[in-house]
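Working notes, beginning with the structure itself.
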Amino acid sequence: MQDLPLQFTDGHLFLRLATDLWLLDTGAPWSFGRSPDVTVAEERFPVGDDYLGLTAEQLSGFVGAECAGLLGGDVLGRFDWIFDVPGARVTVAADVMALQGDPVSLEEFMGIPVLEVKIGDEAFRMFFDTGAQISYFQHEALASFPGAGRLKDFYPGFGEFETDTHDVEVTLGGTECHLRF
């Protein structure tokens with residue numbers, strides 16, 4: 001088990017490994033970065049130099065923070081994680097960690113975790129994507145939620161775009177929260 005510094009900047013989670021920041025992105029199946037490998041919890045992983053044409057340099061520009069690369073499902077899925085965002089720490093372990101709280105089942109689609117959330121009285125299966133600063137919900141009900149302004153975002157292989165957002169109340173397990181969609 002290893003305790004590491006976590007940084008939350010402009011809607012993005014970054015893990016500090018040695019002197020480098022790495023974007024934590026459960027929505028990306030593969031990791032990439034400036035170096036040919038990355039070490040997490042004393043395990044070394046080879047990483048590519050891009051993901052769908054997106055390089056670490058371009059990623060840094062999109063997220064507004066200098067980062068060495070992106071940690072995707074190939075690395076993140078190897079460990080159990082506890083994120084303490086207010087405490088700016090993450091605990092990572094190669095073995096299964098005993099956790100408290102309400103369990104939420106996850107499935108996978110192409111290496112990306114999928115979970116069920118409730119919006120209003122309806123259940124929806126959604127990607128659990130820690131690399132996205134906003135959530136995506138293509139459903140006619142979205143227009144019925146309060147507007148939250150326009151936001152500039154990006155998607156690998158597509159590039160930058162601007163979109164209208166809405167503040168949506170979501171229930172995950174037994175927890176209610178508001179997310180920007």
Side-chain angles (χ1 to χ4, degrees), residues 6-15 21-32 51-54 56 58-65 67 69-77 79-90 92 99 101-181:
L6 181 68
Q7 183 175 319
F8 185 65
T9 304
D10 292 332
H12 296 287
L13 287 172
F14 297 92
L15 182 63
L21 283 180
W22 287 79
L23 179 69
L24 292 168
D25 191 351
T26 57
W30 302 285
S31 303
F32 69 91
Y51 174 65
L52 298 175
L54 180 67
Q58 293 167 317
L59 176 68
S60 296
F62 285 141
V63 299
C67 57
L70 175 148
L71 295 178
D74 59 335
V75 173
L76 299 175
F79 303 101
D80 265 13
W81 298 84
I82 299 175
F83 295 93
D84 177 4
V85 178
R89 304 297 296 168
V90 65
V92 57
L99 303 174
D102 298 324
V104 175
S105 58
L106 288 175
E107 297 174 19
E108 276 190 21
F109 178 76
M110 296 176 51
I112 300 170
V114 176
L115 47 77
E116 187 173 286
V117 300
K118 210 170 167 194
I119 298 176
D121 293 329
E122 216 171 323
F124 296 93
R125 291 171 29 100
M126 298 188 136
F127 288 117
F128 179 63
D129 185 356
T130 59
Q133 63 179 327
I134 59 174
S135 299
Y136 292 90
F137 181 52
Q138 290 185 313
H139 191 272
E140 63 271 4
L142 185 60
S144 66
F145 292 96
R150 288 187 66 76
L151 182 80
K152 189 183 280 190
D153 201 3
F154 72 97
Y155 189 79
F158 182 79
E160 261 186 329
F161 61 91
E162 202 169 306
T163 186
D164 291 319
T165 63
H166 297 266
D167 180 43
V168 178
E169 187 173 306
V170 173
T171 303
L172 173 62
T175 303
E176 290 182 1
C177 62
H178 284 260
L179 296 177
R180 190 173 184 185
F181 283 84

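On a predicted model such as this, the values are computed, not experimentally measured, just so you know.
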Do [X] and [Y] have side chains that approach each other closer than 4.5 Å (heavy atoms only, starting at C-beta)?
X: P29; Y: Y51; answer: yes
X: F32; Y: L54; answer: yes
X: F83; Y: L24; answer: yes

Pair up each side-chain donor or acceptor in residues 166-179 with any protein partner under 3.5 Å, not counting sequence neighbours, and list the distances.
unit_1: H166; atom_1: ND1; unit_2: F145; atom_2: O; d: 3.0
unit_1: D167; atom_1: OD1; unit_2: H178; atom_2: ND1; d: 3.4
unit_1: D167; atom_1: OD2; unit_2: H178; atom_2: ND1; d: 3.2

Can you name the residues that form a side chain to side chain donor-acceptor pair (under 3.5 Å) with D129, not counting sequence neighbours?
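In terms of side chain to side chain donor-acceptor pair (under 3.5 Å), with neighbours along the sequence ignored, D129 is linked to no residue.
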Those residues that, when tested against F124, pass ring pair (Phe, Tyr, Trp, His ring centres under 6.0 Å) (two or more places apart)
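F137, H139.
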Please identify each residue that fulfils ring pair (Phe, Tyr, Trp, His ring centres under 6.0 Å) with F62, with sequence neighbours left out.
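Applying ring pair (Phe, Tyr, Trp, His ring centres under 6.0 Å) to F62 gives F154.
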Strictly distance-based, threshold 3.5 Å: is any side-chain N or O of W81 a donor or acceptor partner for the main-chain N or O of L76?
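Yes, because the side chain of W81 sits within donor-acceptor range (under 3.5 Å) of the backbone of L76.
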Expected output: side-chain D84 to main-chain R89 donor-acceptor under 3.5 Å
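Pair absent, no side-chain N/O of D84 close to backbone of R89.
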Residues 106-122 side chain polar contacts: donor-acceptor under 3.5 Å, at least two apart:
unit_1: E107; atom_1: OE1; unit_2: R125; atom_2: NH1; d: 2.5
unit_1: E107; atom_1: OE2; unit_2: R125; atom_2: NH1; d: 3.3

How would you list all residue pairs meeting salt bridge (Lys or Arg N to Asp or Glu O under 4.0 Å) that involve residues 148-160, not counting sequence neighbours?
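Of all non-adjacent pairs touching residues 148-160, those that pass salt bridge (Lys or Arg N to Asp or Glu O under 4.0 Å) are R150-E162, R150-D164.
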Can you name the side-chain contact (heavy atoms from CB on, under 4.5 Å) partners of T165, sequence neighbours left out?
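side-chain contact (heavy atoms from CB on, under 4.5 Å) check on T165 returns I134, A148, L151, T163, R180.
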